[in-house]
Amino acid sequence: MASGILFIPQAIHMLEDGEGFDLSIFKPAFGFSYLEGFRDFFLEPDVLTWNEYIPPVYIGSFVLFLTVLFLVAKGPSAFRKKLAAAYFFGFILIFAFRPLNYIFTAFRIPTSHTYRYAFIYGLFMIAIAGMCASEIRYIRQKYLIFAALIIAGTGMIFDMIRPYGNQNRLYFSCFAALITGICLIIIKKSPRRSAALFSVCLLLFCTTYEFSSKMQMIFSDHTENVQWYRSYTATMKEELADLMDSDQSLYRVDKNFSRTPMRGANESLALGYSSVSNYTSTNNVKEAVFLRKMGYTNDTTLVPYTANLVMDSLLGVKYIYSREPITGCEQIRQDILDGIRLYRNPYALPLGYAVNNLETAADYGTNVFENQALLCKHLSGQGDGLYTNAEIQSQDTDGNSWTSWELKVPADGAFYCYFSNEANNTNIEVNGQYFKTNPWYENPILYLGEYKSGDTVTIRLLNDEGNYKDDYGLCAATLNTQVLRNVTDLLRSRSCTIQKMEKGEVLAEYDAADEETLLLTVPDENGWDLYINGKKSTKYQAENTFIAVPVSKGHNTIQLRYHAPGLRAGIFSSVLALGLFSFLSLSRNKKKH
């Protein structure tokens, strides 16, 4: 209850704007066999909560030993032992049985990190181990040996059924359990303090080795040193501060690189700027679906940034940091850090402008070029001829590891391609040269270069084993920048003046020639209240994503205020919990005295 101030608003947000509810979660299904859930009690090279088949329950041999000892020994309370056993064995059933597993995701199907709540299991095992430690002086020696043999034997059986990736570490875990039992016997029985001290040091050594080995497994791909991160962050902070000082209007900034491999990720949160790219487990899924239909991503939790000239312009991405040239944009700074340059998008719109009536969302398909043209048409009434589709002249494949296409360029200009059926975990070649790699999370529109009408372009995909597809849904087209300029010029002429956009408040002014609809490229969520000329009004959602504001003829002052749904209930929950805790603590102290 004490966490309500944080938990309740977030839970409400996830229920309203997170992954959709699906009745299939109640279909009885096991994600893995019951015994598989216990494999990670031994050193196993699993990375955090990523593995869908082995919950991350590793807690070290010392805690595991005391937990098993508590369950098998005579002495501890029978009632406590039954509760501990129910938790120890029952929680593995929750991990394995999907309908129970989904309780922890508010009955939504998680897209990744299925067992992120597994830390609860480890914490409870520590509590069981603590109860065992408090009673260990009363536990007979044979039960310590029995517990050690159970753990070591179980590890060996697991390895026989399905061998571990690193057997040396498994055997060390089994050996550490035996050592733990022997050391505890020595500590209990030996009259010599030096023997007890040696046993304690041996336990500390085993524990240190185990956890350092686990840490190396988890962080093996973290290769940059701390000083590099500090230098990178300091440089980018200074650079962004200079940019915001030189241009104090409201706009978005993005970049196609980051401190992590995920191309932008959440650096806007860390460094204090607005961006399209984001990575969060509690994002607005409707917004992510829209960005996917427009060619930014194929995932609903991760939106990496790749330059997308049409959408960047409509969403107000005015500045882009990149090591590669950005088509259609002007370079204004260079050599910022390791070859990074700053580009300005001349087509970028302000974050608010009047549009056609958008009460009905456009019917988007799988071709992102057609989707972008349809969006432009919906917003401005223009957009015909934005892209000219290319012709696929031939296709070839070995039916396993590669597929290639030969395309005829339809017009002069910037040539793009997109894989509407995704092309994750693939290497992409263009005209026989390596072009880029699409990791698991990335499938954006790709700018292939400037070409002339009638040119031939060959695209070849080389995919990892098991990722081959019969149909990648290749789309390719040439952008007509004059049509884009016509659209952006028209919408810019209808732009509003945004005076403030921060800390849950948007303040804008607009002089309307008639009754119009003002589009703010701010994601719409429950919690936004709209006031026009000081009076509460009603907004609606445009394109299932953005805030649309109907305005009247004349001068309009628009104010949007955000309050997190559930915040008051969360505050009440936290205050009540802390009050009850204080009352119980005082009552206990009075009884003691």
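The residues of the chain are indexed from 1 along the displayed sequence. A quick note: this is a predicted structure, and the numbers were derived from the prediction, not measured.
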Peer 1: So Leu386 and Phe369, do their side chains get closer than 4.5 Å, heavy atoms only?
Peer 2: no

Peer 1: Less than 4.5 Å apart, any side-chain heavy atom of Ile59 and any of Ile126?
Peer 2: yes

Peer 1: Is the closest side-chain heavy-atom distance between Leu375 and Gln372 below 4.5 Å?
Peer 2: no

Peer 1: Are a donor atom and an acceptor atom from the side chains of Ser404 and Asp396 found within less than 3.5 Å of each other?
Peer 2: no

Peer 1: Side-chain contact test, heavy atoms from C-beta onward, threshold under 4.5 Å: evaluate it for Phe572 versus Leu567 and give yes or no.
Peer 2: no

Peer 1: I'd like to know if the side chain of Arg39 and the backbone of Gly155 have a donor-acceptor N/O pair within less than 3.5 Å.
Peer 2: no

Peer 1: State whether the side chain of Asn425 and the backbone N or O of Pro439 hold a donor-acceptor pair below 3.5 Å, judged by distance alone.
Peer 2: no

Peer 1: Do the side-chain N and O atoms of Asn298 and Asn424 include a donor-acceptor pair separated by under 3.5 angstrom?
Peer 2: yes

Peer 1: If you measure only the distance, is there a donor-acceptor pair under 3.5 Å linking the side chains of Lys469 and Asn467?
Peer 2: no

Peer 1: Under the criterion side-chain contact (heavy atoms from CB on, under 4.5 Å), which of Thr297, Asn443, Val303, Asn371 is the partner of Arg292?
Peer 2: Thr297

Peer 1: Determine whether Tyr416 and Leu479 make a side-chain contact, defined as any pair of heavy atoms from C-beta on separated by less than 4.5 Å.
Peer 2: yes

Peer 1: Is it the case that the side chains of Glu267 and Tyr273 hold a donor-acceptor pair, with the cut-off being a distance below 3.5 Å and no angle test?
Peer 2: no

Peer 1: Ignoring hydrogens and angles, tell me if any N or O in the side chain of Thr366 forms a donor-acceptor pair with the backbone of Ser420 under 3.5 Å.
Peer 2: no

Peer 1: Looking at Tyr87, Tyr117, Phe70, Phe91, which one forms a ring pair (Phe, Tyr, Trp, His ring centres under 6.0 Å) with Phe124?
Peer 2: Tyr87

Peer 1: Hey, are Tyr296 and Asp312 close enough side-chain-wise for a donor-acceptor pair under 3.5 Å?
Peer 2: yes

Peer 1: Determine the sole option in Asp471, Thr426, Ile428, Val368 for which the side-chain contact (heavy atoms from CB on, under 4.5 Å) test with Phe419 is passed.
Peer 2: Ile428

Peer 1: Taking side chain as C-beta onward, heavy atoms only, is Phe546 less than 4.5 Å from Asp524?
Peer 2: no

Peer 1: With no hydrogens and no angle check, do the side chains of Thr306 and Asn256 hold a donor and an acceptor under 3.5 Å apart?
Peer 2: no

Peer 1: Among Phe158, Phe88, Tyr164, exactly one meets ring pair (Phe, Tyr, Trp, His ring centres under 6.0 Å) together with Phe41. Which residue is that?
Peer 2: Phe88

Peer 1: Hey, are the side chains of Val289 and Lys286 touching, using non-hydrogen atoms and a 4.5 Å cut-off?
Peer 2: no

Peer 1: Any side-chain donor-acceptor pair under 3.5 Å between Ser268 and Arg252?
Peer 2: no

Peer 1: Checking the side chain of Thr437 only, and the main-chain atoms of Asn427 only, is there a donor and an acceptor separated by less than 3.5 Å?
Peer 2: no

Peer 1: Taking atom types as modelled, is there a side-chain donor on Glu210 or Tyr58 under 3.5 Å from an acceptor on the other?
Peer 2: yes

Peer 1: Are side-chain heavy atoms of Leu314 and Cys376 found at a separation under 4.5 Å?
Peer 2: yes

Peer 1: Looking at Ser173, is its backbone amide N or carbonyl O close enough to the side chain of Ser61 to form a donor-acceptor pair, meaning the two atoms are under 3.5 Å apart?
Peer 2: yes

Peer 1: Using a strict threshold of under 4.0 Å (side-chain N to carboxylate O), is an ion pair present between Lys214 and Asp40?
Peer 2: yes

Peer 1: Is a donor from one side chain sitting under 3.5 angstrom from an acceptor on the other, for Asp159 and Tyr171?
Peer 2: yes

